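Right, one structure below, let's go through it.
As the structure is a prediction and not an experimental result, all values here were calculated from the model.
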Amino acid sequence: SNRGLFFSQHPDYGFHRSLDAFWDILMKRWLFAVLVLLVLTGCKKAESQASTAARPASVTLHVYALQSFRSSGLEGVIIPEFEKKHNCEVKITLFADRDSLAAAIKSAPEAVDVALGIDNGLAAEHDLLPCFKTHQADELPTLNRECLSDASYRLIPYAYSYVALLYNSRILDDAPQSFGEMQDARHFRQIALLNPRSSAWGTAFMHYVIALFGEEGYEHLLGALRKNIFRSYDAPEEALNAVQNGECSMMFAMFSTAAWIKEIAPAENKLRMQVLKEGSYLYTENIGTLTTSSRQQLALEFTKYVLGDSAQKMLLYKSGLLPANNKVMLPQHYSNLPLSVYTHNERLSRESIREHHLSWLESWERLFSFM
């Protein structure tokens, strides 16, 4: 047509024709790219669905622990990482006190796979060792054998420390170095005491004294210390606050406590530690797999994880106890701790603790229930 002839003779006709060809090629390539992308997406989706179908269903590991496992922050830093690593769910059942935890383990062992937070005193008081399966030493290669009290590895320590005297150096610049010196009148109403019925540290102190002086000597020593007791506390945090605030000057705690507080609060430098001349007593917190567990391999993996570097470092900062993994380096403020501590645990058998524990508590309450 004349119109077509006009455009074909127009000076810009060649340019427009080239531009049309360019856009035609570009659109074809874009459509090709979209098709390729859809195909690849479909493949990946199918591949993902096949992978999900092939993955075994997530299992649940049932764990018993004390309330402090959550309140200390340990649960939040340990459990999610383990769940992710092992494609499982960890269901935690918490108990407000030690005796409730022990009772649950013995009354319904089939409901739980793993229990943790069991101190060595509690294990002896309630004869808990038979509830847990044995392990081999080579399953736990990093475990510090010095804190192990059970050769069959039924309850495995993941944290430990030693009973020692913790004191406020701004109030007391010359701390007692023996139980004899602690009876001195200059320490009148200066000792914060932990109740062994409610506190694991209190139980460790009670067993420490009985191991040193025997059952009769234990009552005699408590009677001699009575005038110097400021108050009896149910929880270590309460007694520690009293010492830090200057309400009293000392308490029996763990020998790593002062270093731990200094590490997490560098400005706090008034607390000191003294291991008494008579020696000390080993305190451990343990984990164990129930013999009735149907998930014993996963339970072993959880135990290994709790003993691993990552969890042990978190435990050190959250609890103030020493890591049972002997490859974990201690922070700077722990450098002043004694390299070795003489302990008296071997003087007090598990059988004796189980048989006499209630009578020892009665003696304690008879002397200090008014506080």
Side-chain angles (χ1 to χ4, degrees), residues 68 72 161-196 198-209 212-213 218 220-281 283 316-322 330-338 341-342 364 367-371:
S68 57
S72 68
S161 196
Y162 301 93
V163 178
L165 186 68
L166 184 76
Y167 65 97
N168 186 327
S169 62
R170 294 181 185 172
I171 301 173
L172 187 64
D173 56 3
D174 183 21
Q177 297 188 35
S178 68
F179 278 106
E181 292 181 17
M182 290 197 69
Q183 299 173 40
D184 195 290
R186 71 189 181 97
H187 302 307
F188 179 70
R189 290 182 55 79
Q190 287 299 303
I191 304 170
L193 206 60
L194 286 168
N195 183 351
S198 59
S199 165
W201 289 12
T203 297
F205 172 70
M206 182 177 74
H207 291 169
Y208 170 36
V209 174
L212 267 175
F213 302 106
Y218 156 72
H220 177 76
L221 176 69
L222 293 184
L225 288 177
R226 192 170 183 270
K227 66 181 184 302
N228 291 344
I229 303 301
F230 173 68
R231 254 194 66 190
S232 176
Y233 294 88
D234 288 332
E237 298 81 10
E238 298 171 354
L240 185 58
N241 285 337
V243 175
Q244 285 181 300
N245 296 336
E247 297 175 47
C248 55
S249 62
M250 55 185 150
M251 66 177 286
F252 279 96
M254 295 295 115
F255 92 141
S256 51
T257 305
W260 170 56
I261 292 174
K262 179 68 175 175
E263 188 68 30
I264 61 175
E268 178 59 74
N269 60 4
K270 58 178 174 284
L271 297 181
R272 300 286 186 274
M273 178 274 301
Q274 176 73 58
V275 175
L276 298 187
K277 290 179 178 179
E278 291 91 344
S280 186
Y281 196 83
Y283 170 83
L316 189 153
Y317 283 103
K318 298 293 185 181
S319 73
L321 301 174
L322 299 175
L330 295 178
Q332 175 187 353
H333 292 102
Y334 286 69
S335 60
N336 291 328
L337 295 180
V341 177
Y342 181 69
W364 183 284
L367 285 164
F368 301 119
S369 60
F370 69 97
M371 293 181 173

Quick check: do [X] and [Y] have side-chain heavy atoms less than 4.5 Å from each other?
{"X": "Y233", "Y": "L193", "value": "no"}
{"X": "L172", "Y": "R186", "value": "yes"}
{"X": "L337", "Y": "M273", "value": "yes"}
{"X": "N168", "Y": "E247", "value": "no"}
{"X": "L240", "Y": "L271", "value": "yes"}
{"X": "R170", "Y": "N269", "value": "yes"}
{"X": "D234", "Y": "S199", "value": "no"}
{"X": "F230", "Y": "Q190", "value": "no"}

Between R272 and N336, do the side chains contain an N or O donor and an N or O acceptor separated by less than 3.5 Å? no
Do you know which two heavy atoms are closest between [X] and [Y], and how far apart they sit?
{"X": "K318", "Y": "S72", "value": "CD-O, 3.2 Å"}
{"X": "A185", "Y": "K227", "value": "CA-CE, 4.4 Å"}
{"X": "P331", "Y": "Y317", "value": "CG-OH, 3.5 Å"}
{"X": "L321", "Y": "S256", "value": "CA-OG, 3.9 Å"}
{"X": "F188", "Y": "N228", "value": "CA-OD1, 3.1 Å"}
{"X": "L367", "Y": "G223", "value": "CD1-N, 4.1 Å"}

What distance do [X] atom [atom1] and [Y] atom [atom2] have between them, rounded to the nearest 0.5 Å?
{"X": "R231", "Y": "N195", "atom1": "CZ", "atom2": "CG", "result": "11.0 Å"}
{"X": "M251", "Y": "L165", "atom1": "CE", "atom2": "CG", "result": "9.5 Å"}
{"X": "L194", "Y": "S232", "atom1": "CG", "atom2": "OG", "result": "7.5 Å"}
{"X": "I191", "Y": "Y167", "atom1": "CD1", "atom2": "OH", "result": "14.5 Å"}
{"X": "Q183", "Y": "R226", "atom1": "CD", "atom2": "CZ", "result": "14.5 Å"}

Would you please test Y283 and T203 for side chain to side chain contact (heavy atoms under 4.5 Å, CB included) and show each step? CA-CA 10 Å; Y283 170 83; T203 297; over 6 Å; no
Please report whether the ring centroid of [Y] lies less than 6.0 Å from that of [X].
{"X": "F255", "Y": "Y162", "answer": "yes"}
{"X": "Y208", "Y": "F179", "answer": "yes"}
{"X": "W201", "Y": "F205", "answer": "no"}

Stepwise, does the side chain to side chain contact (heavy atoms under 4.5 Å, CB included) test hold for L276 with F252? CA-CA 11 Å; L276 298 187; F252 279 96; 3.9 Å; yes
With distance as the sole test, does [X] use its side chain to make a donor-acceptor pair with the main-chain N or O of [Y] at under 3.5 Å?
{"X": "S161", "Y": "M254", "result": "no"}
{"X": "S249", "Y": "I171", "result": "no"}
{"X": "E263", "Y": "A259", "result": "no"}
{"X": "D173", "Y": "S169", "result": "no"}

S178 vs E278, side chain to side chain contact (heavy atoms under 4.5 Å, CB included): CA-CA, chis, key distance, verdict: CA-CA 7 Å; S178 68; E278 291 91 344; 3.4 Å; yes
Side chain to side chain contact (heavy atoms under 4.5 Å, CB included) between L225 and H187: does it pass, once the steps are laid out? CA-CA 10 Å; L225 288 177; H187 302 307; over 6 Å; no
Around atom CD of E268, are there more than 12 heavy atoms of other residues, nucleotides or ligands at under 6.0 Å? yes
